[in-house]
Q: 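For reference, the structure I am asking about is given below.
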Amino acid sequence: MKTIRLDICNIQTVRALHIYLAYMLDAPAYYGKNLDALHDVLAQESVDVRIVLAGVPASEEMAAYLPRLERVMHESAQENAHVCFERSR
C-alpha cells in the first residue's frame with residue numbers, strides 16, 4: 001500500500017492547500033481545486049493508498065476549513081476500498 005503524508009502545518013490558504021493536494025495526489029490537470037473535486041479524485045483511485053493528514057493548521061482560514069477537508073477524506077475512504085484515511089497530529 002502506498003502512503004501519502006499530507007503535512008498541512010505550513011499551508012496558509014485553502015487555495016494553497018488545493019495546489020498542494022493536486023501535486024501530492026497526482027491529480028489530473030483538470031482538478032477543480034475544491035472539495036468536490038478532491039472527492040472525485042479519491043473516488044477514482046484504483047490502487048491501494050493510505051492518506052495521512054498531519055500537522056496543525058497554520059492559519060485561521062485553514063483551521064476553519066480542516067473539518068470539511070477531514071470529512072471529505074473520511075467519506076471518500078468509506079466509499080472507495082482502495083483509500084484509507086488517517087489523521088495524525
Side-chain angles (χ1 to χ4, degrees):
M1 177 179 289
K2 175 179 165 184
T3 298
I4 300 172
R5 181 177 169 84
L6 302 171
D7 190 346
I8 62 167
C9 68
N10 292 319
I11 298 178
Q12 298 287 327
T13 66
V14 171
R15 178 170 158 44
L17 171 69
H18 281 285
I19 291 168
Y20 177 66
L21 290 172
Y23 173 76
M24 294 297 291
L25 298 173
D26 196 26
Y30 57 83
Y31 174 68
K33 297 182 181 72
N34 60 56
L35 292 175
D36 288 335
L38 174 61
H39 176 75
D40 291 345
V41 166
L42 296 176
Q44 295 173 11
E45 187 63 57
S46 60
V47 176
D48 290 346
V49 62
R50 182 177 74 161
I51 300 171
V52 180
L53 184 62
V56 176
S59 68
E60 288 182 29
E61 179 180 348
M62 284 300 300
Y65 195 73
L66 186 60
R68 294 173 53 206
L69 174 65
E70 289 176 318
R71 184 177 59 248
V72 166
M73 289 189 163
H74 181 71
E75 289 172 357
S76 297
Q78 287 181 325
E79 292 177 23
N80 184 346
H82 292 291
V83 177
C84 174
F85 171 66
E86 297 176 20
R87 177 69 168 114
S88 173
R89 301 202 191 258

Q: Going through the distances and angles, do M73 and I51 end up as a side chain to side chain contact (heavy atoms under 4.5 Å, CB included)?
A: CA-CA 9 Å; M73 289 189 163; I51 300 171; 4.3 Å; yes
Q: When you compare the side chain of R50 with that of E86, does any pair of heavy atoms fall below 4.5 Å?
A: yes
Q: From L35 CG over to Y65 OH, what is the distance, rounded to the nearest 0.5 angstrom?
A: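 Reported value, rounded in 0.5 Å steps: 3.0 Å.
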Q: Tell me the side chain to side chain donor-acceptor pair (under 3.5 Å) pairs involving residues 30-39, sequence neighbours left out?
A: H18-Y31, H39-S76, H39-E79
Q: Looking only at heavy atoms, what is the nearest atom pair of A58 and C9, with distance?
A: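 Heavy atoms of A58 and C9 come nearest at CB-O, 3.0 Å.
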Q: With sequence neighbours excluded, give me every salt bridge (charged side-chain N to carboxylate O under 4.0 Å, His left out) pair touching residues 66-75.
A: E70-R87
Q: So with a 6.0 Å cut-off around NE2 of H82, is the heavy-atom count from everything else above 12?
A: yes
Q: Which heavy atom of V47 sits nearest a heavy atom of E45, and at what distance?
A: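 Looks like O-CG, 3.3 Å.
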Q: Any side-chain heavy-atom pair from V52 and I4 closer than 4.5 angstrom?
A: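 V52 vs I4: side chains apart.
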Q: With side chain to side chain contact (heavy atoms under 4.5 Å, CB included) as the test, would you mind laying out the steps for L17 and L6 before giving the verdict?
A: CA-CA 10 Å; L17 171 69; L6 302 171; over 6 Å; no
Q: Under the side chain to side chain contact (heavy atoms under 4.5 Å, CB included) criterion, do V49 and L25 qualify, and how do the steps go?
A: CA-CA 10 Å; V49 62; L25 298 173; 6.0 Å; no
Q: Looking only at heavy atoms, which two atoms of E61 and V14 are closest? And how far apart?
A: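 Taking every non-hydrogen atom into account, OE2-N, 3.0 Å.
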Q: Between Y23 and L21, is there shared hydrophobic-cluster membership here, with clusters defined by ILVMFWY side-chain heavy atoms closer than 4.5 Å?
A: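 Per the 4.5 Å side-chain linkage, Y23 and L21 are co-clustered.
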Q: Can you tell me how far apart SG (C84) and NE2 (H74) are? Round to the nearest 0.5 Å.
A: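 Those atoms lie 10.5 Å apart.
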Q: Under 4.5 Å between side-chain heavy atoms, hopping through other hydrophobics if needed: is there a path connecting M24 to V41?
A: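 Same cluster: M24 reaches V41 through Ile, Leu, Val, Met, Phe, Trp or Tyr contacts under 4.5 Å.
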Q: Do I8 and V56 come within less than 4.5 Å of each other through their side chains, counting heavy atoms only?
A: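 No, side chains not in contact.
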Q: With sequence neighbours left out, write down each residue that passes side chain to side chain donor-acceptor pair (under 3.5 Å) with E60, or none if nothing qualifies.
A: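 Not a single residue meets the side chain to side chain donor-acceptor pair (under 3.5 Å) criterion with E60.
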Q: So, for Y20 and I11, which heavy atoms are closest and what is the spacing to 0.1 Å?
A: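 So the minimum-distance heavy-atom pair works out to CD2-CD1, 3.3 Å.
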Q: Determine whether a donor-acceptor pair (N or O, by modelled atom type, separation under 3.5 Å) exists between the side chain of N80 and the backbone of L42.
A: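 Such a contact is found between N80 side chain and L42 backbone.
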